[in-house]
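To start, the structure itself, in structure tokens.
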Number of protein chains: 2
Amino acid sequence: MNKRQAQKQITREKIITAAKQIFIEKGIINTATAQIAELAGIAHGTLFLHFPNKDALVIELLDVELIKFSDNIKQLILETSDIDKILDQYLNLIQAEEGFFSSLARELPNYKDELRRKILFRESLMREHFHQVIEKGIEQNIYTQIDIPSALTFLFGTINYYLSLKSSFVHQGSVIEKFHEQIIDIFMKILKK
Amino acid sequence: MNKRQAQKQITREKIITAAKQIFIEKGIINTATAQIAELAGIAHGTLFLHFPNKDALVIELLDVELIKFSDNIKQLILETSDIDKILDQYLNLIQAEEGFFSSLARELPNYKDELRRKILFRESLMREHFHQVIEKGIEQNIYTQIDIPSALTFLFGTINYYLSLKSSFVHQGSVIEKFHEQIIDIFMKILKK
DNA sequence: TTACTCGGTGAGTATGTACTCAGCGAATGG
DNA sequence: CCATTCGCTGAGTACATACTCACCGAGTAA
């Protein structure tokens with residue numbers, strides 16, 4: 001890779017890094033592309049040499065982050081098959097990137113179809129992991145017969161709710177940390193025989 | 001009331017009616033005040049003679065609707081004390097105004113602090129009703145000892161999740177209708193001894 | 001050294017939208 | 001009947017913001 005290509009790569013990464021930082025702080029919808037460019041330390045126009053439009057940048061940003069997260073989850077499920085331990089670790093992972101997931105939860109319903117579908121598809125893959133673990137638990141007679149998709153919607157829906165209204169639940173600090181135990185308790189209650 | 005006052009009143013109602021209709025269809029955030037004025041059949045500037053700014057219109061609109069809804073809930077809880085029947089009726093009420101609540105769920109996390117707090121306050125009053133009924137059930141040994149606020153967040157969080165992502169759950173028709181039974185089943189499972 | 005390439009620049013364009021205000025004309029009141 | 005009030009009009013203003021493009025200059029290749 002020659003000097004030009006290397007510099008181009010660096011610029012691209014500067015844009016994504018800046019976009020991610022702002023996304024964590026306040027989301028993307030109310031962020032001007034000029035603001036991202038400024039934080040990245042590049043000219044406004046440069047952003048559009050790397051991404052055809054704002055949406056493309058958002059898609060790349062979210063896609064990259066969610067794939068990383070999804071890989072973590074996959075790993076996590078290989079390590080243990082106790083749903084309460086998986087859920088515990090899952091909440092820890094969300095907490096570690098709470099700003100990101102809070103912005104995502106808040107803005108997701110307002111994204112354009114394509115982007116929303118893409119993100120929900122990633123979420124559905126994660127659900128699938130949970131589904132299989134619970135299914136196994138039911139087969140082994142550890143958990144009660146239950147409609148697993150509904151149970152998982154309760155779980156993910158509730159987590160989403162805490163995240164999307166984070167600032168109303170806590171003034172500072174982590175919502176997920178605050179309600180960590182309650183989430184696990186109630187969800188295990190749903191699974192209990 | 002003379003002719004002028006009457007006309008003024010009518011104009012104001014035209015604005016609110018139009019705003020509500022558009023709110024149900026696509027929410028308020030991505031709606032221009034000019035569009036509301038057009039649907040109301042009045043000049044754009046007229047809107048600002050009745051409301052100092054867009055936010056004031058939204059506040060009035062939502063406040064009126066939520067007070068109506070809250071009164072219905074209060075009534076409902078006087079009629080029966082079976083939580084499953086209350087929940088059943090509650091879901092029916094939401095379903096009857098699903099467009100409204102779907103837009104609200106989608107946009108709520110993005111409203112300015114004041115408006116969001118106002119709406120969450122109304123919601124907290126409704127939670128209070130549910131809380132008391134469940135508490136009574138626990139005292140009477142019908143339900144298990146449980147952290148009621150957490151249980152209710154699971155309930156309202158999940159309903160909110162279905163509503164905010166309605167278009168991803170159903171292409172047409174009602175989400176709440178579709179998941180009506182599951183919501184009740186899982187919530188009763190949470191309460192079960 | 002020189003001609004060319006190409007990533008970056010930032011002022012400019014197009015568009016959208018909240019809110020204003022000078023003026024109009026019907027209603028009001030004396 | 002006339003002067004005044006006042007709700008309404010809609011063109012205009014101010015501002016925000018996504019995206020463009022003519023130009024620049026460092027890097028590249030001969």
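Each chain gets a letter, A, B and so on, in the order the sequences are listed, and its residues count up from 1.
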Short N-O contact, [X] and [Y], less than 4.0 angstrom:
| X | Y | result |
| --- | --- | --- |
| Arg12(B) | Glu60(B) | yes |
| Lys136(A) | Glu139(A) | no |
| Asp71(B) | Lys68(B) | no |

Would Gln5(A) and Gln9(A) count as a side chain to side chain donor-acceptor pair (under 3.5 Å) here? Give the steps.
CA-CA 6 Å; Gln5(A) 288 171 315; Gln9(A) 181 73 16; over 6 Å; no

Grab the [atom1]-[atom2] distance between [X] and [N] for me, whole Å please.
| X | N | atom1 | atom2 | result |
| --- | --- | --- | --- | --- |
| Lys14(B) | dT9(D) | NZ | P | 8 Å |
| Arg12(B) | dC8(D) | CZ | P | 11 Å |
| Ile42(B) | dC24(C) | CD1 | C1' | 17 Å |
| Gln9(B) | dC6(D) | CD | C1' | 16 Å |
| Ile36(B) | dC19(C) | CD1 | P | 11 Å |

Which letters describe nucleotides 17-30 of chain D, given B = protein heavy atom under 4.0 Å from base, S = only from sugar-phosphate, - = neither?
SSBB-----BBS--

Any side-chain hydrogen bond (donor to acceptor under 3.5 Å, both in side chains) pairs touching residues 38-53 of chain B, not counting sequence neighbours?
Thr33(B)-His44(B)

For Leu47(A), which contact category applies under a 4.0 Å heavy-atom criterion: base, sugar-phosphate, or nothing?
nothing

Using a cut-off of strictly less than 4.0 Å, decide whether His50(B) has a side-chain nitrogen or oxygen near OP1 or OP2 of dG7(D).
no

Option from Asp55(A), Leu62(A), Ile36(A) for which side chain to side chain contact (heavy atoms under 4.5 Å, CB included) with Ile28(A) holds
Ile36(A)

Roughly how bent is the helix from dT1(C)-dA30(D) to dG30(C)-dC1(D) end to end, in steps of 10 degrees, with each end axis from five pairs?
0°

